[in-house]
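See below for the structure under consideration.
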2 protein chains.
Amino acid sequence: MVDHDERREQLSAAVWQVVSEQGLDGLTLRAVADAADCTTGRVAHYFRDKNALLTHARDVMHRRMTARIDALGAFDDPREHLRAVLREGVPLDEERRLNSTVWAHFLMAARTDPVLLAEHVVRHESWIRRLTALLRDAYGVPPDDLELRARNLVALLEGLALCGVATPELYPPDLLVRAVDNHLDLLLGAKK
Amino acid sequence: MVDHDERREQLSAAVWQVVSEQGLDGLTLRAVADAADCTTGRVAHYFRDKNALLTHARDVMHRRMTARIDALGAFDDPREHLRAVLREGVPLDEERRLNSTVWAHFLMAARTDPVLLAEHVVRHESWIRRLTALLRDAYGVPPDDLELRARNLVALLEGLALCGVATPELYPPDLLVRAVDNHLDLLLGAKK
DNA sequence: GCCGTTACGTAACGCGCGTTACGCTACCAA
DNA sequence: TTGGTAGCGTAACGCGCGTTACGTAACGGC
């Protein structure tokens with residue numbers, strides 16, 4: 001008896017790998033099977049069809065991302081808390097680059113897929129709410145345009161993620177960190 | 001005798017339309033022919049293969065984008081000049097939304113296509129240089145981290161473009177303008 | 001008025017895709 | 001030992017794709 005959930009997570013990991021290496025165009029069941037070092041028979045055995053495989057892969061990835069943010073724990077300084085959360089949204093290592101890459105591909109696919117679009121909207125808004133709250137905590141007295149600032153913060157993060165995904169050598173981790181810190185200084189005033 | 005260049009531009013416009021509506025996956029020669037209201041025979045007649053069609057479509061789109069920025073003309077206030085240029089990078093109307101959409105799709109495709117990647121890098125860097133120069137003009141005395149600020153400005157723009165492309169109804173033109181202005185105020189100090 | 005050339009439309013080819021049916025092997029209960 | 005089932009591998013099917021070959025109508029120089 002094999003562990004079905006574990007097998008499914010293995011296949012989902014293969015999906016991420018293929019999407020990262022070949023894009024959504026290159027994501028064929030045969031490519032997934034190759035990446036998972038098995039045949040398409042196994043894939044077909046664990047997922048009804050291609051769509052079910054993709055949905056599972058998306059869900060697992062999203063769960064891991066939120067889990068990583070939740071696992072950050074407590075911070076004394078609200079500003080450091082915000083900073084730590086922001087770092088999770090930007091491709092600082094291989095895992096987060098994989099996350100950002102897959103996210104970007106699914107985002108573009110969402111333009112022509114109502115299901116993907118609905119998921120994106122929910123997560124985007126929730127992301128903005130989270131950052132708005134963190135930003136509010138980081139300010140002594142929150143400015144009137146707090147939500148707009150949070151929205152811009154998200155946009156900056158997505159833009160940086162895109163840069164890091166498209167050209168990792170031009171946007172190494174230290175540059176991304178400096179970019180985030182620079183914006184934070186602009187928002188909250190230079191760190192003492 | 002028909003005007004070859006005009007025909008090619010018509011077909012390129014059909015490419016943009018299909019990419020915008022169906023993504024790069026949906027970009028088939030038959031779909032392009034449908035959008036151009038002709039048969040695949042005509043497409044095959046004017047372009048050696050699909051790749052030539054795509055290259056031409058990218059080139060024409062890029063030429064139009066740079067032409068639009070160059071056509072902005074002279075400004076008395078450097079800050080207003082910068083602001084006007086920034087507005088061109090964000091999907092404020094249907095044409096610019098089309099531009100941003102196609103740009104984003106090709107950017108994701110660049111991850112697995114060396115030719116597209118090389119083009120992207122060149123244009124990205126030139127974009128950063130242009131904004132660095134404009135930003136320098138807008139400052140009385142440029143700060144030390146001028147280039148990093150310009151880089152963040154580009155990232156913000158790309159992030160906002162992505163938001164406007166994915167969810168136009170959540171990011172209407174006036175919100176995008178306010179977002180850009182907000183960041184500009186943060187960078188240069190609130191407008192008098 | 002004829003004839004080559006331009007400007008396509010039409011249709012077929014091979015390929016890779018997702019899907020599905022089928023077959024085999026290992027394992028576990030009886 | 002034997003029957004059944006879980007866990008796959010293999011192979012074939014139809015479809016849509018890019019490409020290409022071929023047909024043909026209109027046009028323009030002689």
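Source: prediction; values computed, not measured. Quick note: numbers below take in every heavy atom, side chains included, and nothing from hydrogens, waters or symmetry partners. So that the names make sense, note that chain A is the first sequence line, chain B the second, and so on, each numbered from 1.
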Over how many whole Å does the gap from [X] atom [atom1] to [N] atom [atom2] extend?
X: A:Leu54; N: C:dG18; atom1: CG; atom2: P; value: 10 Å
X: A:Lys50; N: C:dT19; atom1: NZ; atom2: P; value: 8 Å
X: A:Asn51; N: C:dT20; atom1: CG; atom2: P; value: 13 Å
X: A:Leu53; N: C:dT19; atom1: CG; atom2: P; value: 10 Å
X: B:His45; N: D:dA25; atom1: NE2; atom2: C1'; value: 14 Å
X: A:Arg48; N: C:dG18; atom1: CZ; atom2: P; value: 16 Å
X: B:Met1; N: C:dC8; atom1: CE; atom2: C1'; value: 13 Å
X: A:Leu24; N: C:dC17; atom1: CG; atom2: P; value: 14 Å

Worksheet item: Salt bridge or not for B:Arg68 and B:Glu95, using N-O below 4.0 Å?
Response: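 Yes, this pair counts.
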[X] has a side chain; which of [options] sits nearest to it?
X: B:Thr28; options: C:dG9, C:dA7, D:dG18; value: D:dG18
X: A:Arg7; options: D:dC8, D:dT19, D:dG7; value: D:dC8
X: A:Arg42; options: C:dT10, D:dG9, D:dG18; value: D:dG9
X: A:Ala44; options: C:dT19, D:dG7, C:dT20; value: C:dT20
X: A:Leu29; options: C:dA7, D:dT10, C:dG18; value: C:dG18

Worksheet item: Going through the checks in order, is the salt bridge (charged side-chain N to carboxylate O under 4.0 Å, His left out) test met by B:Glu147 and B:Arg151?
Response: CA-CA 6 Å; B:Glu147 199 208 317; B:Arg151 217 170 266 275; 2.7 Å; yes
Worksheet item: Starting at the 5' end of DNA chain D and moving along, which residue's nearest nucleotide shows up first, A:Arg30 or A:Gly41?
Response: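 The 5'-side residue here is A:Gly41.
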Practice prompt. Verify ring pair (Phe, Tyr, Trp, His ring centres under 6.0 Å) between A:His62 and A:Phe106, making sure each step is shown before the conclusion.
Written response: CA-CA 12 Å; A:His62 181 241; A:Phe106 279 126; over 10 Å; no
Worksheet item: Within the structure shown, what part of the strands sits under 4.0 Å from A:Leu27 by heavy-atom distance: base, sugar-phosphate, or nothing?
Response: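 The answer is sugar-phosphate, as A:Leu27 gets under 4.0 Å only of primed atoms, P, OP1 or OP2.
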Worksheet item: Just checking B:Phe47: base, sugar-phosphate only, or nothing, at a heavy-atom cut-off of under 4.0 Å?
Response: nothing
Discussion item. Quick check on D:dG7: is either OP1 or OP2 less than 4.0 Å from any side-chain nitrogen or oxygen of A:Tyr46?
Written reply: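 No, A:Tyr46 has no side-chain N/O under 4.0 Å of OP1/OP2 on D:dG7.
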Item to complete: Respond yes when some side-chain nitrogen or oxygen of B:His4 is under 4.0 Å from OP1 or OP2 of C:dT6, and no when none is.
Response: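 Answer no for this pair, as no side-chain N or O of B:His4 is under 4.0 Å from OP1 or OP2.
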Fill in: Over 12 non-hydrogen atoms of neighbours within 6.0 angstrom of CG in A:Asp144
no
Fill in: Option among A:Arg7, A:Gln17, A:His56 that satisfies the side-chain hydrogen bond (donor to acceptor under 3.5 Å, both in side chains) test with A:Ser12
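Checked A:Arg7, A:Gln17, A:His56 against A:Ser12; only one passes side-chain hydrogen bond (donor to acceptor under 3.5 Å, both in side chains): A:His56.
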Worksheet item: When you match B:Val2 and B:Thr40 each to their closest nucleotide on DNA chain C, which lands nearer the 5' end?
Response: B:Val2
